[in-house]
Protein chains: 4
Amino acid sequence: MQPFSERQEQIMNASIELIAELSIQGLTIKNIAHKIKLTEGAIYRHFACKNDILLAILQTFKEVSQQTLVESCASEVIAFEQIKGIFRRNIQYFNEKPAITAVIFSEGIFQNDAHLSKEVFKILEMHEKALNCIIERGQINHEIRADIKEKEITRVIIGSIRYTVKKWRLSGFDFDLKTEIELILVSLKKMLVPK
Amino acid sequence: MQPFSERQEQIMNASIELIAELSIQGLTIKNIAHKIKLTEGAIYRHFACKNDILLAILQTFKEVSQQTLVESCASEVIAFEQIKGIFRRNIQYFNEKPAITAVIFSEGIFQNDAHLSKEVFKILEMHEKALNCIIERGQINHEIRADIKEKEITRVIIGSIRYTVKKWRLSGFDFDLKTEIELILVSLKKMLVPK
Amino acid sequence: MQPFSERQEQIMNASIELIAELSIQGLTIKNIAHKIKLTEGAIYRHFACKNDILLAILQTFKEVSQQTLVESCASEVIAFEQIKGIFRRNIQYFNEKPAITAVIFSEGIFQNDAHLSKEVFKILEMHEKALNCIIERGQINHEIRADIKEKEITRVIIGSIRYTVKKWRLSGFDFDLKTEIELILVSLKKMLVPK
Amino acid sequence: MQPFSERQEQIMNASIELIAELSIQGLTIKNIAHKIKLTEGAIYRHFACKNDILLAILQTFKEVSQQTLVESCASEVIAFEQIKGIFRRNIQYFNEKPAITAVIFSEGIFQNDAHLSKEVFKILEMHEKALNCIIERGQINHEIRADIKEKEITRVIIGSIRYTVKKWRLSGFDFDLKTEIELILVSLKKMLVPK
DNA sequence: AATGAATGAGTTTTCATTCAT
DNA sequence: CATGAATGAAAACTCATTCAT
C-alpha cells in the first residue's frame, strides 16, 4: 500500500538477493548494509526491524500478483489463454528479479514467524483461488476438460509451473525460463483442453 | 553408507522435527540437545559438526529414495503403475516421518553450504532421471501418450505431487496425504494414459 | 602500517598485560573485555578476530624495532656504541611497557598459528641482521675483535641481553633492568672490544 | 622420583611433541589421546589431571639436569671443560628429544599455574647456580678471566647457548645443533679463558 | 586398563538492535 | 540521514574431567 522510498527498495532488493545467494540464514543486517554500502545502524532509519523488510517484500509481491490476476481475469479470452497470461506476466517479473523466486518458492523459510508465514500462505491461496475460478468457468464453457475436478487441474498446473521455476533457480538461472514455461504450457494445453 | 548409531538417529530425527517446527533457523545445537535431553557438548560426540547432521539426514533420504526407485523399476507392471508405486512408497515414508518433508522440499535452506546444496540437487536429479526413464519406456510401449515429450511429462508429474505434499505440510498435515495423492494420480492418468 | 585507533591501542595494551599476567592462555576475549570494561561483542568492532589483535601487537613492535635500528645505525659513533644505543632504546621501551616482554620473548606461544609465528621469526631475523652488519663493520675498523666470526658475536650479544630481560620478567620486574643491561654491556665490551 | 610406567612415558612424550608442534594451546587431552591412539578417558588412568602430565615432564627434565650437573662437576678437569661437558650432555639430550626444547625454553607458558611456574624457575636456578659455582672456582684457579663478575659470565654463557637452541627450534631443527654449540663454546672460550 | 558417552563451564564469534553524535 | 560504537543474548564448538561398563 504505502509507496516505498528509494532506500527502502534498495534494502528490499539487497535482501532478496541475499536470500537467493545465501538462503535465509544469510539475510543479516550486516550483510544487507554491506551490500548497499551503508552502516548497520542506517538500515534502522528505513525499517523498524528485520522482519519488516521481509514483510515489505512479501507485500510488494502480493500486490504485483494481485494486479496480474485482476488484469488477466479481466481480459476476454478463453480460459486457458487467461491462465497463460497470468504465468507469462509472472515469468516476466521473475526474469526481471530472478532472486525473488528464492523468497516466493521457499515458503518454509518463514515458519519461525507466524505473521510472515500467514502472509505467504495468503499469497498462495490467492493464486490458487484465481486459477480455480478460471478453470471452473473454462469447464462450464467446455474450454477445459470437465472429467477432472478443477481443484486437481489447478494443482497440476501450479505444480508444473512452480517445479519448472524452482529448477530454474537451482540451476542458477542458466536456462531460458520463458521458453521452458511456454513448452510446459503447450503440454498442459494438450492434456487439459479438449480438441 | 555408514550405519548410524541409535543416538545419531535420535539426533537426526530431532533435527528433522526442529526444521519442521521452527524452520532451519530453529535448528540449533541447543534445541537439538534440549529435545533429546542431552547437553550441547554431548551432541559433538556423535556428529563432528552441525552440517554433518544435515548431511546424514540427506544421505539417509537419498538411500531410501534409491531403494524405492530400484525396487519400483524392478516390478514388471506397466509404466504408470510403476510411477504410482514410486510415489506410494514415498508417501508412506512421509506419513511415517512427516517432518522430513520440510527438509526435502525446502531445497533453498541449504543454499549457504555448497556441499549440502549439491547433495540436494543430486537427489532431485536422481528422481527425475528415474521417472524420465520409466516414461520413455512407457511411451515406446504405447502405455503413455507420446505426443508430449517425456521431460515435460516428468515435470508435470513431479510438480503436481510435490505441490500436493508441500500444501500438506503447510496445512500442518491436516488432510490425508495418501487420499489426495491417489486422486492426483488418477487425474494424471486420465491426462497421460491413452485409452 | 595502519594507524591504530585509541580503542584498538587500548585492546592491544590490555592483551599484552593479560599475556604477561596469565600467559597466552589467559588471553581470552572475555578477559580483554573485562579489563577495558566493554562487552565481548564490542571487541569485534575493533578487530576482526583474536589473532588480529596479536598480529597488531607484533606489527607495532616490529615498527618500533625497525625505527630503533634505523636511527641507531645512522648515528656516527663506533660500532659498540651503536650496539649499546640499540639495546638502550629497546630497554627504554620495555621499561615503559614491561608486559610486552612476555609477548616478544615467548616466541613459542604463536606456534599454533603459521602467520603469527612467521611474523615473530621475521622480527628476530631483522634484529640479527642489523647487529651482524654493525659488528662486521666494527671488525673491519678494528673496533671489535676479529678472531671470532661476526655471527658468533651477534649470538653472544643477543643471547646475553635476551636472557637478562627474560630473568627480569620472570622475577616480576623486581630489579632495575637498565642497570643490569649496562653491566652486561660493560662485560660484553671487555670481551669483544680490543684495547 | 617415582619411575614412570611405559604408558605414562608415552603420554609425556606425546605431550612434549604437541607443545612443540602446536604450542601449549595445542596440549589438550583430546590431542594427546589421539596421538597415542587411546581414548580421552584412558589418559586419566595414568595421570590424575592434565597438570600432572606437565609436572611429570618438568620433574623428569629436572632429574636429568641434576644428574648432568652432578656428574660434570665431579669430573676433575679445568672449569671451562666442565662447562663444555654440561652443555654437551644437554645438547645430546635435546638431539634425542628435540621437542623438549619447546617446553624448557618457553618458561612463560606455565605462568597461569603457580606450581608449574615455580618448578620451571627452580630448574633455571639450579643451572645458574651450578654454572656460577664452576666459574667462581675457575676464576680463583685463574682458568677463567676474573675481571668480569661470575654472575655476568654465567649470564653470557647461558644466554648464548639458550639463544642458539631457541633458534634451532624455531628453524624447525634444520641445522646441526652440536656443531653450532661447539662453535659457540670455542668463541666463548676465546672471550673468557685467559691465554 | 580402556572405552565411549556425558557434563558443565568455557571458548570465539555473530546477531539484531540501540543510541549518542 | 548516516555513522560508529556499544550491548546482550545466542550461536557453534571445545575442553578437562567423570563414570558406568
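Residue numbers start from 1 in every chain, and the chains themselves are labelled A, B, ... in the order their sequence lines are given, proteins ahead of strands.
Separating the CG atom of A:L54 from the C1' atom of E:dA16 is a distance of 13 Å, rounded to the nearest angstrom. Going from atom NZ of C:K50 over to atom C1' of E:dT12 covers 8 Å, rounded to whole Å. C:N112 has its CG atom 16 Å from the P atom of E:dT11, to the nearest Å. Following rounding to the nearest Å, A:H34 (NE2) and E:dC15 (P) show an atom-to-atom distance of 13 Å. Rounded to a whole Å, the CG atom of B:L38 is 11 Å from the P atom of E:dG8. Following rounding to the nearest Å, C:N51 (CG) and E:dT11 (P) show an atom-to-atom distance of 16 Å.
Counting only heavy atoms from C-beta outward, the side chains of B:N13 and B:K97 approach each other to under 4.5 Å. Looking at heavy atoms from C-beta onward, A:F110 lies in side-chain contact with A:L58 at the 4.5 angstrom threshold. By the 4.5 Å heavy-atom criterion applied to side chains, A:L54 and A:D113 are not counted as neighbours. Residues D:L27 and D:K50 have side chains in contact (heavy-atom distance under 4.5 Å, counting atoms from C-beta outward). Between A:Q10 and A:E6, the closest side-chain pair of non-hydrogen atoms is not below 4.5 Å. No side-chain heavy atom of C:E17 sits under 4.5 Å from any side-chain heavy atom of C:P98. Contact of the D:R7 side chain with the D:M12 side chain is not registered, since no non-hydrogen atoms from C-beta on lie closer than 4.5 Å.
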Side-chain donor-acceptor distances from residues 32-48 of chain A under 3.5 Å, at least two apart:
unit_1	atom_1	unit_2	atom_2	d
A:K35	NZ	A:E21	OE1	3.0
A:K35	NZ	A:E21	OE2	2.6
A:E40	OE2	C:R45	NH2	3.3

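Interface limits on DNA chain F: the 5'-most and 3'-most nucleotides within less than 4.0 Å of chain B heavy atoms are F:dA11 to F:dT14.
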Taking Watson-Crick and G-U wobble contacts under 3.5 angstrom, with | marking pairs to another strand and [ ] crossing pairs, the secondary structure of DNA chain E is written .||||||||||||||||||||
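Taking the centre of each ring, D:F105 and D:F94 come in below the 6.0 Å mark.
Comparing D:A42 and A:Q25, the nucleotide of DNA chain E nearest to each residue sits closer to the 5' end for D:A42. Take the nearest nucleotide of DNA chain F for B:T28 and for C:R45: the residue whose nucleotide is more 5' is C:R45. Heavy-atom nearest nucleotides on DNA chain F were determined for C:H46 and for B:L27, and the one closer to the 5' end corresponds to C:H46. The nearest heavy atom of DNA chain E to C:Y44 and to D:I43 marks one nucleotide each, and the one closer to the 5' end goes with D:I43.
Heavy atoms of D:T39 sit under 4.0 angstrom from at least one base atom. In this structure, B:I29 reaches the sugar-phosphate backbone alone: every heavy-atom distance under 4.0 Å involves primed, P, OP1 or OP2 atoms, never a base.
For E:dA2, one of the phosphate oxygens OP1 or OP2 lies less than 4.0 angstrom from a side-chain nitrogen or oxygen of D:R7.
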